[in-house]
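The analysis underlying the following values was restricted to heavy atoms, covering all of them including side chains, and did not include hydrogens, waters or symmetry mates. Reminder, nothing fancy here: chain letters follow the sequence lines and each chain counts from 1.
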Amino acid sequence: MMNMTLLAPDNALGFPAPYWFIIFFKVLGFTLHMVPMNIWYAGLITMLLLRKFGGENAKRLSDRVLNAMPVIISIGVNFGIVPLLFTQVAYYKVFYPATILMAWPWFSIFILLTAAYYGVYYYVVGLRSGTMTGIKYAVGWVSAISFMLIGFLFANSFSLMTNIGAWEGLWKANSIAGASLGTALNTGDPVLIPRWLMMFGLALTTTAAYIMIDTGFFAGSEKDNYKKWVPDFALKIYLVGILWFAAAGSWYFFGTINPAVRAHQLEGNFFILTALTAVAPGIPFILILLFRKSLTKLKALAIGLAQFIVLALNAISRQIVQNKELSAYLDVTGEKVNIQWSPLIIFLLLFVIGVGIVVWMVMQVAKSPKKAEA
Amino acid sequence: MHYPWWYVPFLTSPMLIAGVSVFHVFVSMYAVGGGLFLAAETQYAYKTGNRAYLSYLKDHAWFFILLTAVYGSITGVGIWWTIGLASPLATEALIHIFVFGWAMEYVFFVLEIASAFIFYYYWDRLNSKTHQTIGWIYGISAWISLVLITGITAFMLHPGSWPEDQSFWSAFLNPQFLPQTIARTGGSLLLASLYVYMHAAFRLKDKSLQGLISTRSTKPGLLGAILVTVGGLWWFVALPESAKAALAAASVLNVLMILIFLMTIVVFIMLYLGPFRNPGWITPGFAILLFTFGLAATGTGEFIREAVRKPFVVYDVVLSNQILPSEIPSLQKNGYLEGGVWTKAFIASYYPSSINPEGQINEAELLNLPQSERIKIGEVLFQYHCNDCHAAGDGYSAVGQVTRGWTPEMTLTLLRHLDQAHFFMPPFAGTDEEAMLLTDYIQSIAKPFPQGLPREN
C-alpha cells in the first residue's frame, strides 16, 4: 500500500448494496452509454467528413445519421448517468480527488456538451429545413471536435482516478495554499493517449454497426443504389476501426499499462477475457462481411447484438483493470456493506416496470405508419 | 478536508453550484409543469377536435424538447458535476444515503426522455389515444421525478429522524418533504404557464387561439401560485429552529423573503388581471415581464432554501466546510491540519521538520516558524476551513472585507467562539495554535478600516 495519506477515510455508512450489485450496474450502464456515445464520438466527425468529401450516397448516409443524432445524444447522456452514479458509490475515494485536481477541465465538460448538443440541433434543423449554410456546417464541425475533446477529458479523469501516484505532484504543481486550482491534467500518464485513441477505434466500429442497423431497419425507402453502397462502406469503416483499436490497444496494453496489471490480465481466466476483448470486434466484422449483400432486419440485429457484446467485454475488462490498478492503494471490495433492502427492491421493481413501459412505447412506434406513407 | 479543496477565485466554488442549480431549476420546473400542460391540453385538443390548437401544441412541444431535453438534462448532469467538485463530502454522504432514490428517479428520467421524443417525433403518426397516453406517461414520470428529487433535497434542510435510525425512509420522508413537494409542484405549474404565455405571445398570431391558450393555462398557473403559497408557509413552519433564526437574523434573507412574497403577489395579480380576465393582454412585452417576475421569484426561493441551511450543507450531517459534526471534537483536540488528508499532506511536504517521530504535526513547532510561513499555513487553514463560504481578500462574502480594522485579538477571539458569535457559522474545528495561524493570515488580508468613520482607539 502506497500514498495512503491522500485517500479519504471509509464512509461510515458503508455501501448501500453488495459490491457486485453496484459494479453490475456500473458496467451495464457504461456498456449502454458506450453505444450512443461511440456514435457521436467517432461517428459525428466521420459523417461530417462524408458530407464534405463523399459522393451522393455518402452525403445521404451523413444526413441520415445526423438526423438521428439529437436522439442518440440524448440517449447517451441519459445512459451516462448510471455509471457516474455507481462510480461515486464505490469509487468515491478516487473519483472526487481526481476530478477536483482537474476541476476546470472536468467542469467544462458539461458546458462543452451543452454547446455541442445545441450545435448538432442547429445543424440538423438546417438539414431538415433544407437551409444549410456555411455557419451551420461550421457549427457541426465545432460540435464534433467538442465531443472528441470531451472524450479526451473523460480519458484524463478516469485514468487519473487510478494514477494515484501522480496526485501529489499534480496537486503541488496546481495549487494555492494546498487548495487545488483545478487546472491539472493527467497528460504525464503514458496510458492517457492510447486509452483515448483506443476508444476512438472502438467508436468507429460501433458507428459501422449502427450504419448497418440503420440500413437494415430504417432505410427501406432509400434508393437501391444507396442500400447496396452502405454495407460495403460500413465494412470499410469497421475495418479501419478494428485496425485503429488493435494499434491503440496494443500500444496501451503492451506499452503503457503497469506490468503487474498486464501480467494479471494475462493470467488464467483473465487471459481468456483479455483475449476475447481483443478479438471480439472480429465477430461483427465477419457478420458485416457475410451479410452485406443480403441485409435483413434479423441480420442487422445480429450485427448490433454482436457489437453490444464487443462493448460489454471492453467494459468488463476495463473494470477489472481499474480494480487491479487501484489494488496497490485500496481494496474497493473490502468496504462495509449496509444493504438498503426496501429501496433496493423498489428500485428493481420500478426498473422492470420502466423497461416494460419503454418497450410498450417502442412497440407503438414500430406499429405506427411510416412518415412518407402516413 | 477529506478531499482536496477546489479554490475558485473571487466567487468560491460552492457558488458555482448555486449558479448551475438555479439555472437548472428554471427549466426543470417547466419540464414538469410543461409536461403536464402538454398532456392535458393535447387531450383537450383531441377531444374538441381543435386542429389549430393541436398544431400550436406541436410547435410548443418542439420548444419544450429543445429546452428541457437538452438544456434541462445537461444542466441536471451539470449539478452532479459541480456538487462533486465543490462539495465532495456532502455528495459522498448523499450518494451513500440516497443512491436508490436517485436510481428510482433515473427510471422515471428514462421514461421522460423516451416519451418526450416519441410524443413529439411521432405526433402525426400515432393514433390519438396512444399519443395522449404517451403524453401522460411523460407528465406523470416528470412529476414523480420531482417528488423523488424533492425527498433528497428536502433532506438537506431537515434530516428528520435519520441521524438516529439512519433509515432510507426516515431520510426520504423527512419533515420538509411534503411542504417542498407541494411548493415545487405549484412552482412547476406556475412557471409552465408563464413559459406558455411567452411562447404563445411570440409564436401565435391568431388572437382567438391566443385567448384560448391564455384562459386554459391560467387556471393551472393560479393553482400553482396557491400551492406555492401553501407549500411555502408549511416549509417555514417545518424549518429547523436555526433556519428560522437565520431567516430572522440575516438582513439579506429578510430582504429576499420580502422580495419573494412581493413577487409572488405580483405574479398572482398579473395572472388574474392579465391572461385570466383579459386574454387579449398577452403581448410579448407583458409575457416577458410576467416570465421575469416568475423566474426572479423562483431564483430567490432557491437562494433562500440554500442559505437557511447554514452552518450545514446537509443539515446535521455535513457542515458547510465539509466536516462531519462528529469529527469536530477530535479536530479541536488533535488539530485540523492533522485531521485533514490534504492539509496533513501539505504540512508533511512543505514543513517536514514539524512532523514529530510519531508522524503527527507538532503544532507548537508551527508557531515558531517565521511570520511569512505562519501566514502561509494560516492560508491553508483558510482554504480548507473557510473558503466554502468566504472569498479571501475580495469577492463573495470576502473575509478581507468583513474584517476591516479588526485587531489580532478580535480576530482570535472570534475564531475561538465562531459558532457562538454567529450561530449560522460552524465552530472552529482546530486547536488554539491553529486559531493563531489563521489569525495571522486573516490579518494579512484584512482591508484597512474605512476612512471617515468614527473609531474608538
Original post:
Given a strict heavy-atom distance threshold of 4.5 Å, which part of B:Leu324 is in contact with chain A: side chain, backbone, both, or neither?
Top reply: neither
**OP:** Return the option, out of A:Val358, A:Ile176, A:Ile357, with the maximum number of heavy-atom pairs under 4.5 Å with chain B.
**Re:** A:Ile176
**OP:** Specify whether B:Phe382 and B:Tyr441 have parallel, tilted or perpendicular ring planes, treating 30° as the upper limit for parallel and 60° as the lower limit for perpendicular.
**Re:** tilted
Original post:
Any idea which of B:Glu92, B:His96, B:Met1 has the most non-hydrogen atom pairs under 4.5 angstrom with chain A?
Top reply: B:His96
Original post:
Relative to chain A, which segment of B:Thr343 carries a heavy atom at a distance below 4.5 Å: side chain, backbone, both, or neither?
Top reply: neither
**OP:** Go through A:Leu350, A:Ile353, A:Ile346, A:Ile75 and name the one with the most non-hydrogen pairs under 4.5 angstrom from chain B.
**Re:** A:Leu350
Original post:
Mind checking what makes salt bridge (Lys or Arg N to Asp or Glu O under 4.0 Å) contact with B:Glu338, not counting sequence neighbours?
Top reply: B:Lys344
Subject >> Interface residues of residues 16-29 of chain A facing chain B - heavy atom cut-off under 4.5 Å >> reply: A:Pro16, A:Ala17, A:Phe21
Original post:
Which is it for B:Trp102 and B:Trp80 under the ring pair (Phe, Tyr, Trp, His ring centres under 6.0 Å) test, yes or no, and what are the steps along the way?
Top reply: CA-CA 11 Å; B:Trp102 266 304; B:Trp80 273 103; 4.7 Å; yes
Original post:
Are B:Phe155 and B:Trp162 close enough, and set up right, to give a ring pair (Phe, Tyr, Trp, His ring centres under 6.0 Å), and what steps lead you there?
Top reply: CA-CA 9 Å; B:Phe155 171 82; B:Trp162 183 87; 5.7 Å; yes
**OP:** Check each atom of B:Leu111 against the heavy atoms of chain A and say whether the ones under 4.5 Å are side chain, backbone, both or neither.
**Re:** both
Original post:
Picking from B:Leu381, B:Leu16, B:Val110, which has the most non-hydrogen pairs under 4.5 angstrom with chain A?
Top reply: B:Val110
**OP:** With side chain to side chain contact (heavy atoms under 4.5 Å, CB included) as the test, would you mind laying out the steps for A:Phe107 and A:Leu153 before giving the verdict?
**Re:** CA-CA 10 Å; A:Phe107 184 72; A:Leu153 296 174; over 6 Å; no
Original post:
Can you say whether B:Val77 sits under 4.5 Å from chain A via the side chain, the backbone, both, or neither, judging by heavy atoms?
Top reply: side chain
Original post:
Can A:Tyr121 and A:Tyr117 be said to form a ring pair (Phe, Tyr, Trp, His ring centres under 6.0 Å), step by step?
Top reply: CA-CA 6 Å; A:Tyr121 258 112; A:Tyr117 197 171; 5.6 Å; yes
**OP:** For A:Ala116 and A:Ser143, work out which heavy atoms get closest and say how close.
**Re:** O-OG, 3.0 Å
Subject >> Contact winner vs chain B - A:Val77, A:Leu101, A:Val82, heavy-atom pairs under 4.5 Å >> reply: A:Val82
Original post:
Counting only heavy atoms not in A:Trp341, do more than 12 fall under 6.0 Å of its CH2?
Top reply: no
Original post:
Would the number of heavy atoms belonging to other residues, nucleotides or ligands and lying under 6.0 Å from CZ of B:Phe23 be above 12?
Top reply: no
**OP:** Using a cut-off of under 4.5 Å on heavy-atom pairs, state which of B:Phe346, B:Tyr3, B:Trp6 scores highest against chain A.
**Re:** B:Trp6
**OP:** Check side chain to side chain donor-acceptor pair (under 3.5 Å) between A:Ser342 and all other residues, then give those that pass, not counting sequence neighbours.
**Re:** B:Trp169
Original post:
Quick one: does B:Arg125's side chain have a donor or acceptor within less than 3.5 Å of a partner on A:Pro369's backbone?
Top reply: yes
**OP:** Sort out for me which of B:Trp5, B:Tyr7, B:Trp342 touches chain A most, counting heavy-atom pairs under 4.5 Å.
**Re:** B:Trp342
Subject >> Side chains of A:Gln88 and B:Thr91, donor plus acceptor under 3.5 Å >> reply: no
**OP:** Look at the rings of B:Tyr106 and B:Phe109 and say which category their plane angle falls in: under 30° parallel, 30 to 60° tilted, over 60° perpendicular.
**Re:** tilted
Original post:
Quick one: what part of B:Phe117 sits under 4.5 Å from any heavy atom of chain A, side chain, backbone, both or neither?
Top reply: side chain
Subject >> Polar side-chain atom of A:Tyr96 near backbone of A:Ala8 as donor-acceptor pair, under 3.5 Å >> reply: no
**OP:** Please list, chain by chain and in numerical order, all residues satisfying salt bridge (Lys or Arg N to Asp or Glu O under 4.0 Å) with B:Lys58, sequence neighbours excluded.
**Re:** B:Asp124
Subject >> Residue, of A:Ser180, A:Gly182, A:Gly354, that accumulates the most heavy atom pairs under 4.5 Å with chain B >> reply: A:Ser180
**OP:** Could you look at B:Leu89 and say if it's the side chain, the backbone, both or neither that has a heavy atom under 4.5 Å from chain A?
**Re:** neither
Original post:
For B:Trp123, is it the side chain, the backbone, both or neither that has a heavy atom under 4.5 Å from a heavy atom of chain A?
Top reply: neither
Original post:
Who wins among A:Pro343, A:Ser368, A:Pro97, A:Gly80 for the most heavy-atom pairs under 4.5 Å with chain B?
Top reply: A:Pro343
Subject >> Contact origin within B:Ile347 toward chain A - heavy atom pairs under 4.5 Å >> reply: neither
Subject >> Residue part contacting chain A, namely of B:Tyr122, when any heavy atom lies under 4.5 Å >> reply: side chain
Subject >> Atom group of A:Ile73 that falls short of 4.5 Å from chain B, counting heavy atoms >> reply: neither
Original post:
Would one find more than 12 heavy atoms of other residues, nucleotides or ligands at under 6.0 Å from atom CZ of A:Phe154?
Top reply: yes
**OP:** Report the distance from atom CG of A:Asp214 to atom CZ of A:Phe218, rounding to the nearest 0.5 Å.
**Re:** 7.0 Å
Original post:
Taking A:Phe86, A:Phe15, A:Phe95, A:Trp104 one by one, which has the highest count of heavy-atom pairs under 4.5 Å against chain B?
Top reply: A:Trp104
**OP:** Please look at B:Thr133 and chain A and tell me whether the side chain, the backbone, both or neither of the residue comes under 4.5 angstrom of a heavy atom of that chain.
**Re:** side chain
Original post:
Given B:Phe119 and B:Phe64, is the ring pair (Phe, Tyr, Trp, His ring centres under 6.0 Å) satisfied, shown in steps?
Top reply: CA-CA 11 Å; B:Phe119 183 72; B:Phe64 179 80; 8.5 Å; no
Subject >> Distance in Å, B:Ile134 CD1 paired with A:Met361 CE, rounded so as to fall on 0.5 Å steps >> reply: 6.0 Å
Subject >> Under 4.5 Å from a heavy atom of chain B, the part of A:Lys172 involved >> reply: both
Original post:
Can you say whether A:Leu113 sits under 4.5 Å from chain B via the side chain, the backbone, both, or neither, judging by heavy atoms?
Top reply: both
**OP:** Please state whether the side chain, the backbone, both or neither of B:Glu379 comes within less than 4.5 Å of a heavy atom of chain A.
**Re:** both
Original post:
Does any heavy atom of chain B fall under 4.5 Å from the side chain of A:Tyr92, the backbone, both, or neither of them?
Top reply: both
Original post:
In terms of heavy-atom proximity below 4.5 Å to chain B, should A:Val125 be classed as side chain, backbone, both, or neither?
Top reply: side chain
**OP:** With a 4.5 Å cut-off on heavy-atom pairs, point out which of B:Val70, B:Ile65, B:Leu66 contacts chain A the most.
**Re:** B:Val70
